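Data block below; observations after.
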Amino acid sequence: MSGESRTAQPVTRFAPSPTGRLHLGHALSAVRAHDLARAGGGRFLLRIEDIDGTRSRPEHVDAILRDLEWLGLEWDELSFQSERLDLYAAAQGRLADLLYPCFCTRAEIAASLSAPHGATPLYPGTCRHLSPATRAARMGEPHGWRLDMALAVERAGPLTWRDEYAGEVAADPLAQGDVILARKDAPSSYHLAVTVDDAAQGVTHVVRGADLFEATHVHRLLQALLGLKTPLYHHHPLIVGADGERLAKRHGAPALAVMREGGGDGRALADALRRNMLPAGFRLGEA
Ligand code: GLU
């Protein structure tokens, strides 16, 4: 096989956070990512996004592996973000002159970190305005690091990315505010780890739910600042309930583990998802 055709092979990933049980929406993402890789003779990676030490649980990791097996999906590589913290710290170091320490409360930081889904309140910039003397005096306190978004955008210039559903998208990271790039308790954040890993693992197509569309504005910016390649994006429509409400682990959506343990047929479910056929009471929302 020539080198050229090898590089054309797709690499996709399924990247769940082991902070809860997987639901139908995760199954859809996993099936689509898996099939895209297999159709092109490429590789499907499973990446456990466990940098949130306080919320990640080994029993959820276990259930994720079993859920995927139950769906009939085989992965080519399994990785854990908690084992890759050095990579994220190195990336953080390269962005140092665009970052400032943030001493704000854990609750505020949790809001911007652990909820990549949906609207997150924008950081008001409190710590951006601290004087150098105040900063120096407070460096002994627990702190995270935020990206000075205005500076970062100015440095990177105009950027776009290509989305299977939305087409060519102009990146608008300013609308995401000064995001956290390193947490108080880890040398990383969702945004930094996901961007670094997708590039380091050679991911060519990022398949994930439309709830992460907005996050891609930040990821595209980080790619530019760190000199990383930009993959293609497939932000697929979310599965919603009959009432149009989207599924979320925390809102009582049926867990794959419950279906699996109840004797459900995972391969049949995966095949139904391939045909966009959803169990009664569920449908695909808007893209
Ligand atoms: N770990 C994220 C989640 O479980 C998904 C990350 C991604 O696909 O970019 O919501």
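What you are looking at is a predicted structure, and each value in this text was computed from that prediction instead of being measured.
Distance check: C102 SG to R183 CZ gives 13.0 Å after rounding to the nearest 0.5 Å. Atom CG in L159 sits 8.0 Å away from atom OG1 in T230 (nearest 0.5 Å). Taken from CG in L225 to CZ in R94, the straight-line distance is 9.5 Å, to the nearest 0.5 Å. For the atom pair CG (L222) and CG (L147), the distance works out to 6.5 Å, reported to the nearest 0.5 Å. To the nearest 0.5 Å, atoms CG (L36) and OG1 (T204) are separated by 7.5 Å.
Taking the six-membered ring for Trp and thresholds of 30 and 60 degrees, H217 and F213 have ring planes more than 60 degrees apart, a perpendicular arrangement. Ring planes of W161 and Y233: perpendicular class, angle over 60° (limits at 30 and 60°).
Taking the ring axis of F80 as reference, the NZ or CZ atom of R47 does not stay both within 45° of it and closer than 6.0 Å to the ring centre.
In summary, R267 and D271 do not engage in a salt bridge, as defined by a charged side-chain N under 4.0 Å from a carboxylate O. Classification of D97 and R155 as a salt-bridged pair holds, one side-chain N sitting under 4.0 Å from a carboxylate O. Ion pairing between a basic and an acidic side chain is recognised when a charged N comes within 4.0 Å of a carboxylate O; D52 and R55 show such pairing. Checked for salt-bridge contact, D50 and R57 miss the test: no charged N lies under 4.0 Å from a carboxylate O.
Partners of E59 under the salt bridge (Lys or Arg N to Asp or Glu O under 4.0 Å) rule, at least two apart in sequence or in another chain, do not exist in this structure.
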Step-by-step side chain to side chain donor-acceptor pair (under 3.5 Å) determination, H60 to T19: CA-CA 7 Å; H60 292 315; T19 54; over 6 Å; no

